[in-house]
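Residue numbering restarts at 1 for every chain, and letters A, B, ... go by the order of the sequence lines.
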There are 2 protein chains.
Amino acid sequence: MAGLERTSTHAQRALITLRKRILGGAYPGGTRLFEVALAEDLGISRTPVRDALQRLGAEGLLDRAPAGGFVVRGFAVRDVVDTIELRGVLEGTAARLAAERGVSADHLAQARSILHQIDALFLVQSFDMEAYSNFNTQFHHLLAQLSQSAVLIREIDRITALPFASPSAFLDDQSRQAELVKTLSAAQGQHRALIEAIEAREGFRAESLAREHARAARRNVEFLLSHEAALREGVQSLAILSS
Amino acid sequence: MAGLERTSTHAQRALITLRKRILGGAYPGGTRLFEVALAEDLGISRTPVRDALQRLGAEGLLDRAPAGGFVVRGFAVRDVVDTIELRGVLEGTAARLAAERGVSADHLAQARSILHQIDALFLVQSFDMEAYSNFNTQFHHLLAQLSQSAVLIREIDRITALPFASPSAFLDDQSRQAELVKTLSAAQGQHRALIEAIEAREGFRAESLAREHARAARRNVEFLLSHEAALREGVQSLAILSS
DNA sequence: TAGCCTTAACTTGTATACATGAGGACAAAG
DNA sequence: CTTTGTCCTCATGTATACAAGTTAAGGCTA
């Protein structure tokens, strides 16, 4: 899994490498990243490094220093919570718009198909977390599509790109499997209700449900952080947190 | 007002120039921007042009072409409407959070001060639109601050940077001054109610009011677009619209 | 004639040398 | 001892030459 990214350009590889480092907590929030140092480190010239830094800035992982240059953005607990809350608000808006504007039969069928496949996962003995994660991601992606708002889809994608704000964050927490499955079962209930509300054109209900659905993730973070480091260790998405 | 930007770097100047051109509709949506051509045109090398293009991409004015390069993003009427709606949702969230989390006496005083200054504008014979625009921008900026959510503030700033989505868009429409002032008077009523709701910790009301407040802008766009080109001419913010 | 392959033109990707400007250290003067 | 000014250092800004990849056109073949 390490360092073998073989995409086409140096800039792409630098982007991937640096993103991984930042998200992995390799650079504490506030650290300034110097082009020359990184270029030497990565064995490439400054040009693609610059490119990668600018992209990371656009992703929201770096801030531009006033006098030029980039600084690693620090994420406090509050920022994580606020970002998840924001995702809830945006997905809520997507759900409301879907209900208000109406969804096509095809889209509805897709949603039902995903729901059905998730249902099936709960019937098997050993829960397949990776499969759930995939279907869950699909579901949330589809939800954005249902809004029929290109603008909204774009913003949801942006926010969701931050790993700790993604709908499938915290699913890699190995230590609490059994408990987690129960939570996911409840989440699936919300998925169903959400589609039901959208189909019935109940905009307000759809919006409320989507927001509450995001709260599950928020509760998860708050739980993980209220218990000492032991629990946090297994959760990759929280490595970036500035203590 | 034209072309004399004397900021420090070439990249900055290129950014400003290109942004102005794009927003002014100089490049129809879908137009591909070539680095060399722009560099020659602007009399600088490709490097700062590249920089400017990347920033414009981050601003959402350009899309990255799959095989590299940048394409001017086309904004349809629906995109403009959706973006304004999104601003309403985000500002609504800011208002709700402000109500739920509470605001400091100092912030409240600032809000009241702005409201008071706007009130004063309505007492003068010839309405000072520029002053209103400034105070209005201040008010909306403060509203974001009240949320005490750095994440939300950042996103609101992002969206608001698109000129047709800014709270003070469409105020440069010279042709309907008298009518516009009436609208703004109503808007000021919403401003007041909004602060009132926040102070009373009425989160739901605050959120609803902020959303409805944004609807005024949406109605304005829809009105301008339902009447033929004559009206649109005076409205700079709509130049970018792809026919 | 249709389809494919080759090739050439064009565009972005990369390296590197040089320019510019910001920030800090050190010294001198008050 | 503090403050201010200058100089030096180092990081980013810029230009340009060259590399590499993409696209489209033209001709060849079936």
### Task
For B:R96, enumerate each residue passing the side-chain contact (heavy atoms from CB on, under 4.5 Å) test, keeping only those at least two apart in sequence or located in another chain.
A:E85, A:V89, A:R211, B:T93, B:E100, B:E207
### Pairs involving residues 67-84 of chain A, ordered by first then second residue, that meet salt bridge (Lys or Arg N to Asp or Glu O under 4.0 Å) (sequence neighbours left out)
A:D82-B:R101
### Message
Using the side-chain hydrogen bond (donor to acceptor under 3.5 Å, both in side chains) criterion, which residues pair with A:Q117? Sequence neighbours excluded.
### Response
A:S113
Can you check nucleotides 10-18 of chain D for protein contacts, nitrogen or oxygen pairs under 3.5 Å, and list what you find?
unit_1: D:dT12; atom_1: OP2; unit_2: A:E35; atom_2: N; d: 3.2
unit_1: D:dG13; atom_1: OP2; unit_2: A:R50; atom_2: NH1; d: 2.9
unit_1: D:dG13; atom_1: OP2; unit_2: A:R50; atom_2: NH2; d: 2.8
unit_1: D:dG13; atom_1: N7; unit_2: A:R46; atom_2: NH2; d: 3.0
unit_1: D:dG13; atom_1: O6; unit_2: A:R46; atom_2: NH1; d: 2.9
unit_1: D:dT14; atom_1: OP1; unit_2: B:H10; atom_2: N; d: 2.3
unit_1: D:dT14; atom_1: OP1; unit_2: B:A11; atom_2: N; d: 3.4
unit_1: D:dT14; atom_1: OP2; unit_2: B:A11; atom_2: N; d: 3.4
unit_1: D:dA15; atom_1: OP1; unit_2: B:H10; atom_2: ND1; d: 3.4
unit_1: D:dA15; atom_1: OP2; unit_2: B:S45; atom_2: N; d: 2.7
unit_1: D:dA15; atom_1: OP2; unit_2: B:S45; atom_2: OG; d: 2.6
unit_1: D:dA15; atom_1: O5'; unit_2: B:S45; atom_2: OG; d: 3.4
unit_1: D:dA15; atom_1: N7; unit_2: B:T47; atom_2: OG1; d: 2.7

### Query
Tell me, which pairs form a salt bridge (Lys or Arg N to Asp or Glu O under 4.0 Å) where one or both residues lie in residues 137-154 of chain B, sequence neighbours left out?
A:D63-B:R154
### Message
Under the side chain to side chain donor-acceptor pair (under 3.5 Å) definition, can you give me all pairs with a residue in residues 37-49 of chain B, not counting sequence neighbours?
### Response
B:R21-B:D41, B:E35-B:R46
If you restrict it to nitrogen or oxygen atoms, what contacts under 3.5 Å exist between nucleotides 6-8 of chain C and the protein, and what is each distance?
none

#### Entry: Residues which pass side-chain hydrogen bond (donor to acceptor under 3.5 Å, both in side chains) with A:T160, listed by chain and number, not counting sequence neighbours
none
### Summary
Applying side-chain contact (heavy atoms from CB on, under 4.5 Å) to B:A98 and not counting sequence neighbours gives B:V103, B:L146, B:I198
